[in-house]
Amino acid sequence: MPHIVDLRSDTITRPTEGMRRAMAGAEVGDDVYGEDPSVRALEDEVADLFGHEAAVFVPSGTMGNQICLRLVVPPAGELLCDAEAHIVTYESGGAAQHGGIQTRTFTSPDGVPAVAEVAGAIRPPGFAMVPTSAVAVEQTHNRHGGAVVPLDVLTDLRLLTAQQGVALHCDGARIWNASVAAGVNLRDYGVLFDTLSVCLSKGLGAPVGSLLVTDASRAAEGRLLRRRLGGGMRQAGVLAAAGLYALRHHLARLAEDHRRAYRLAVRLAGAGAIDTAAVHTNIVSVALPNGRSALALASAAREAGVLISVVDPHRFRLVTHLDVDDEGVERAGEVLVGLLTS
Ligand SMILES: *Cc1c(COP(=O)(O)O)cnc(C)c1O
């Protein structure tokens, strides 16, 4: 049996040899005491990349989002976000449990928020109504096939939220992919948001770690909330070193993942399964016609050595990453086209 091609997610990547060496050689200290030089270096570098004062290293993107939301939405306040956002689909109700935050959603068929719709949804303070405290944007949009939200839309959202006195949060788990695909500087994205959460453990290929990025005073409060959630880590420098290595070596190469995802899309488009124009980054989201089961397709693909993820009963997802090469992509394309046309 040939090598398995695992397209379920870009979280499955394992640290490369170079990354492991960087981790083994990392200078460390107790980060709860604020004494880990590698964590400090990573936090300073990421804050600077996004044009903000400070960043806080956290164990996961979920914790990054959860802390950010609490920094910008008070208990019983409201967060507006897309109905397919990670915050309301994959975070196990954390905003409600930890922050006492009410979420209300808008829909955006292609993953790009319609600014007029968001404007109409924002509620000012008033009798019995829950006023909107923040709007969240996902860049790139996971459940919308890795869609990139264009810079002009983000700029309009910044203007709108500033006018209304509402904060703007970015779930930037894959903001690196957006930056590479759209040719937009991380800083040009970063300065538009009050808070961002960014992940090192997706396409960048680090084993663990995310950062929340914001101003110095929110970051200080964020450290307190992190501790309260049990996210204070000790010699976390071994993980931060992986992140620093990833930023140096795995950022520009995301373009290869995008090229491979597009290649897969072209193969699947040949079988009539997808519109290639919908593929912006490293995620290919495919809706199955005629009530065909995504679970059945995934299990047949698994038999043939190709792992895909089922996101809905009739939709599956392919994600390219550091551990998938051209040969793997060709083989996966062949297997999936075979199954889709049979
Ligand atoms: C992966 C991801 C996160 C963070 O997930 P964790 O599993 O907590 O690391 C947050 N937002 C989006 C859009 C993601 O894809």
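Just follow the structure's listing: the first ligand is 1, and inside any ligand the first atom is 1. For the single chain, residues carry numbers from 1 onward in sequence order.
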Taking only Lys NZ, Arg NE, NH1 and NH2, and the carboxylate oxygens of Asp or Glu, determine whether D31 and R226 approach each other closer than 4.0 Å. yes
Select one of side chain, backbone, both or neither to describe which atoms of D171 lie under 4.0 Å from any atom of ligand 1, heavy atoms only. side chain
N/O separation below 3.5 Å, S210 to ligand 1: no
What residue and heavy atom of the protein are closest to atom 1 (C) of ligand 1, and at what distance? K202 NZ, 1.2 Å
With rounding to the nearest 0.5 Å, note down the distance linking OG1 in T276 to CG in L264. 12.5 Å
Between T11 and ligand 1, which residue portion shows a heavy-atom distance shorter than 4.0 Å: side chain, backbone, both, or neither? neither
Looking only at N/O atoms, are T62 and ligand 1 under 3.5 Å apart anywhere? yes
Checking the N or O distance criterion of under 3.5 Å, is ligand 1 in contact with G61? yes
Can you tell which part of M63 has a heavy atom less than 4.0 Å from ligand 1: side chain, backbone, both or neither? neither
Between D257 and R253, is there a salt bridge with N-O shorter than 4.0 Å? yes
For ligand 1, is H141 a contact, meaning one of its heavy atoms is under 4.0 Å away? no
Pair R70 + E221, salt bridge at N-O below 4.0 Å: no
Among Q66, Q139, H86, which one puts a heavy atom closest to atom 10 (C) of ligand 1? H86
From the list D10, T140, T281, side chain to side chain donor-acceptor pair (under 3.5 Å) with R174 holds only for D10
So, is E138 polar-close to ligand 1, with some N/O to N/O distance under 3.5 Å? no
Can you confirm whether more than 12 heavy atoms, excluding those of R104, are under 6.0 Å from its CZ atom? yes
Is there a donor-acceptor pair closer than 3.5 Å between any side-chain N or O of D323 and the backbone N or O of R14? yes
